[in-house]
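Data first, discussion second: the structure below is written as structure tokens.
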Amino acid sequence: MKISVVGTGYVGLVTGTCFAETGNDVVCVDIDANKVKKLSSGQVTIYEPGLEKLFERNLKEGRLHFTTNLAEGIADAQVIFLALPTPPGEDGSADLSYILGVAEQLGKILTDYKVIVDKSTVPVGTAEKVRAVIAKHCKVPFDVVSNPEFLREGVAVDDFMKPDRVVIGTESERARKIMGDLYAPYVRQGNPVIYMDEKSAELTKYAANSFLATKISFMNEIAILCEKLGADVDMVRRGIGSDERIGKRFLFPGIGYGGSCFPKDVQALVKSSEEVSYDFKILNAVMDVNEKQKLFLLPKIEAYFNNDLKGKHFALWGLAFKPNTDDIREAPALYIIEALTKAGATVSVFDPEAMPNVRGVVGDIVTYAEHQYDSLENADALIIATEWSVFRTPDFDKIKSSLKNQVIFDGRNLFEVSRMQELGFHYESVGRTPVNL
Ligand SMILES: O=c1ccn([C@@H]2O[C@H](COP(=O)(O)OP(=O)(O)O[C@H]3OC[C@@H](O)[C@H](O)[C@H]3O)[C@@H](O)[C@H]2O)c(=O)[nH]1
């Protein structure tokens with residue numbers, strides 16, 4: 001099929017590349033001429049494991065093209081995906097100006113039937129707005145479909161190629177047929193293509209992310225209780241996770257969720273609820289819990305250093321909001337850096353991918369270690385904020401010989417408490433008994 005994808009950010013580039021991978025002819029459109037030049041010359045503009053190989057192959061085999069010219073980009077397309085940013089506005093509601101701006105242009109240039117697909121995360125009622133804007137100028141028939149994306153950073157290619165489900169929101173039989181044909185290669189393993197109305201599809205995306213965020217905040221509160229009651233959150237997690245009604249995934253406590261999706265989507269859903277005079281109590285609590293959880297380790301660190309962090313030096317392992325991405329948006333590590341430096345401490349950081357992005361945000365208020373063990377030099381303690389696999393089985397002797405104190409504050413429960421006891425570390429984590437030396 002001939003596909004056009006407008007917007008080559010995270011969702012757009014993964015969507016375009018993965019559609020080309022099953023033989024579709026894909027033209028990606030972006031207003032950023034510099035980016036289009038890079039992409040056309042074979043340079044992938046995001047860090048995403050596994051994407052580069054697919055991208056290079058489909059570019060080389062002529063199934064993937066890039067242009068800044070919208071009319072050229074959609075000319076032969078049967079389906080046009082809108083993968084444009086919907087950043088939070090001042091009040092937390094989603095800013096639709098990019099999507100409606102492109103819809104306006106499409107209305108003026110459509111010359112034959114097209115399916116226009118909202119791929120971005122958009123509030124309920126957006127498909128209706130997109131249709132109205134296009135219809136203002138357009139003389140030919142078209143359909144608007146809501147097709148939310150559920151891919152996760154770090155495993156985006158897998159999530160797209162083998163989705164748990166595909167959600168298609170439209171009443172049009174014609175559009176349902178086209179979308180069904182397009183996604184058939186991705187659901188061969190039997191996962192469903194779920195057809196529904198637009199509004200339900202739009203809300204499905206927010207509800208999915210908000211439910212996962214709720215699950216995480218719930219487990220983080222259980223972790224707090226475990227510490228107060230002397231229970232072990234890892235045991236509780238296994239005890240409840242083996243109940244199929246609860247499920248094992250997204251039950252890991254830690255220092256809170258971050259990223260470009262959960263914080264924004266939970267806030268946007270609360271905002272949409274307020275706009276219809278509904279107080280979404282659970283999600284307000286989820287946001288509140290998560291805000292506090294990002295600094296969950298601070299009181300532990302302050303208590304260990306007698307509430308005086310002035311002149312203390314910390315090593316911080318992990319900056320990205322989660323492993324396998326260089327994304328630091330709403331990353332708990334940034335909040336920890338801010339709190340420590342405000343308290344007069346210094347921080348030496350290490351992350352396998354995200355240091356350039358952090359340097360762009362906080363500059364030189366921290367030092368950037370060449371290697372994870374370099375960050376430990378003369379540090380009073382090690383803090384862990386992201387569960388990169390490279391941190392999972394470190395050289396504990398090297399840690400011991402580098403740190404001033406054998407002290408680790410672990411925000412992602414990487415290590416076994418009993419092992420840390422054996423190794424002679426003072427070890428504090430999330431929802432588990434601390435090892436006090
Ligand atoms: O058990 C868990 C799982 C996740 N998390 C945290 O939750 C946050 C989100 O993790 P995800 O893997 O979902 O991150 P992503 O933002 O890439 O994906 C999320 O938003 C985009 C949607 O399309 C995805 O479906 C959704 O998972 C991370 O900060 C992670 O550290 C936990 O704290 N505990």
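All residue numbers in this chain count up from 1 along the given sequence. Start at 1 and go down the list; that is how both ligands and their atoms are numbered.
- The closest side-chain donor-acceptor pair between Thr8 and Asp30 falls under 3.5 angstrom.
- Cation-pi geometry between Arg412 and Phe252 is not met: the NZ or CZ atom fails to fall both under 6.0 Å from the ring centre and inside 45° of the normal.
- Annotation: cation-pi geometry not satisfied between Lys114 and Phe142 (NZ/CZ under 6.0 angstrom from ring centroid, within 45° of ring axis).
- Under the 30°/60° scheme for interplanar angles, the aromatic rings of Phe262 and Phe250 are found to be tilted.
- Applying the side chain to side chain donor-acceptor pair (under 3.5 Å) definition to pairs two or more places apart or across chains, those involving residues 215-229 are Glu227-Lys300.
- A cation-pi contact links Arg165 to Phe150, judged by a cut-off of 6.0 Å to the six-membered ring centre and 45° from its axis.
- Sorted by chain and number, the residues within 4.0 Å of ligand 1 by heavy atom are Glu149, Phe150, Leu151, Arg152, Glu153, Lys205, Asn209, Ile216, Phe250, Leu251, Phe252, Tyr257, Gly258, Cys261, Phe262, Phe321, Lys322, Arg412.
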